[in-house]
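Take a look at the structure set out below.
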Amino acid sequence: DNEIVSSLPLQMSLYFNVYFFPFWWLSTVVMLHLKYPVLSDYYKFILVTIMILGSLIEVIRLYLGYMGNLQEKVPELAGFWLLSLLLQLPIILFLLFNEGLKIQPLERAVHIVFALFLTFQVIAAFVTLKRMVNKLATHFHLNEFDQLEEHPVPDFYSLGKESS
């Protein structure tokens, strides 16, 4: 009844991601600073916007992942999963594969590591979410069954026989 459904591999990945994120951020900002003069104006705007939004999203994403996994909260873990899959993964793939950004070797290396973290976390969070939802559904159905035993539903067929 007190089965733990939080994921240790997901939690370990989040833990290492928390320590990797500042290194990723610092190396990306330094590389952006170094190549900023040679970028076209629209890539300058895109990269600065991505850095601001990506940083904010990452902080929120990691917080939701920690709370959702450790406290076994489905809404938080679902938010983490959606932010990872729909926002962070496309952003990091854009940074990794768009050659117009004049990608440097350090950038490619940290983006690959970040993409691996994200890919693993998306898969692990999905599996963990599925287990959490199944546990909650089972718990809900068992509670309904217990309530039926406490307050049985009257049998209308037998009631009709007694009154005739």
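Position 1 is the first residue of the sequence; numbering continues from there.
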Notebook entry, point to check: Going from CZ on Arg108 to CZ on Phe97, what distance comes out if it is rounded to the nearest 0.5 angstrom?
Noted result: 8.0 Å

Checklist line | Distance in Å, Leu116 CG paired with Gln121 CD, rounded so as to fall on 0.5 Å steps | finding: 10.5 Å

Notebook entry, point to check: Around Tyr66, counting heavy atoms of other residues, nucleotides and ligands shown, do more than 12 lie under 6.0 Å from its OH?
Noted result: yes

Item checked: Heavy-atom pair with the smallest gap, counting every atom of Lys102 and Gln104 -> O-NE2, 3.0 Å

Margin query: Measuring from atom CG of Leu136 to atom CD of Glu72, what distance do you get when rounded to the nearest 0.5 angstrom?
Written below: 8.5 Å

Margin query: With heavy-atom distances below 4.5 Å as the criterion, would you say the side chains of Val18 and Leu14 are in contact?
Written below: no

Notebook entry, point to check: Rounded to the nearest 0.5 Å, what separation is found between the CZ atom of Arg61 and the CG atom of Leu82?
Noted result: 12.0 Å

Next item on the list: Look at the side-chain heavy atoms of Ile, Leu, Val, Met, Phe, Trp and Tyr, link any pair under 4.5 Å apart, and say whether Phe21 and Ile52 land in one connected group.
Entry: yes

Notebook entry, point to check: Is there side-chain contact between Tyr36 and Val48, with heavy atoms separated by less than 4.5 Å?
Noted result: yes

Next item on the list: Could you label the plane-to-plane angle of the Tyr19 and Tyr15 rings as parallel, tilted or perpendicular, counting under 30° as parallel and over 60° as perpendicular?
Entry: perpendicular

Note to self: Does Phe126 have more than 12 heavy atoms from other residues, nucleotides or ligands lying within 6.0 Å of its CZ?
What the structure shows: no

Checklist line | Same apolar cluster (I L V M F W Y, side chains within < 4.5 Å links), Val5/Ile123 | finding: no

Margin query: For Leu56, is the CG atom crowded, meaning more than 12 foreign heavy atoms sit under 6.0 Å from it?
Written below: yes

Next item on the list: Working to the nearest 0.5 Å, report the span between CD1 of Ile57 and CG of Leu87.
Entry: 4.5 Å

Margin query: Just verifying a value: how many Å separate Ile50 CD1 and Ile91 CD1, rounded to the nearest 0.5 Å?
Written below: 6.0 Å

Margin query: Within the structure provided, determine whether Leu64 and Lys73 are in side-chain contact (heavy-atom separation under 4.5 Å).
Written below: no

Note to self: Other residues, nucleotides and ligands only: do more than 12 of their heavy atoms fall within 6.0 Å of NZ on Lys130?
What the structure shows: no

Next item on the list: Kindly give the heavy-atom pair with the smallest separation between Met31 and Leu106, and that separation in Å.
Entry: CE-CD2, 4.1 Å

Check: Considering only heavy atoms from C-beta outward, does the side chain of Leu96 approach that of Phe114 to under 4.5 Å?
Finding: no

Next item on the list: Answer yes if Leu93 and Ile46 sit in the same cluster of Ile, Leu, Val, Met, Phe, Trp and Tyr residues linked by side chain heavy atoms under 4.5 Å apart, and no otherwise.
Entry: yes

Item checked: Cluster overlap Leu95 with Phe45, hydrophobic side-chain contacts below 4.5 Å -> no

Notebook entry, point to check: Between Phe80 and Met67, is any pair of side-chain heavy atoms under 4.5 Å apart?
Noted result: no

Item checked: Where Ser7 and Thr128 come nearest, the two heavy atoms and their spacing -> CB-OG1, 3.1 Å

Item checked: Non-hydrogen side-chain atoms of Leu32 and Leu39 separated by less than 4.5 Å -> yes

Notebook entry, point to check: Does Val110 reach the side chain of Phe23, with side-chain heavy atoms less than 4.5 Å apart?
Noted result: yes

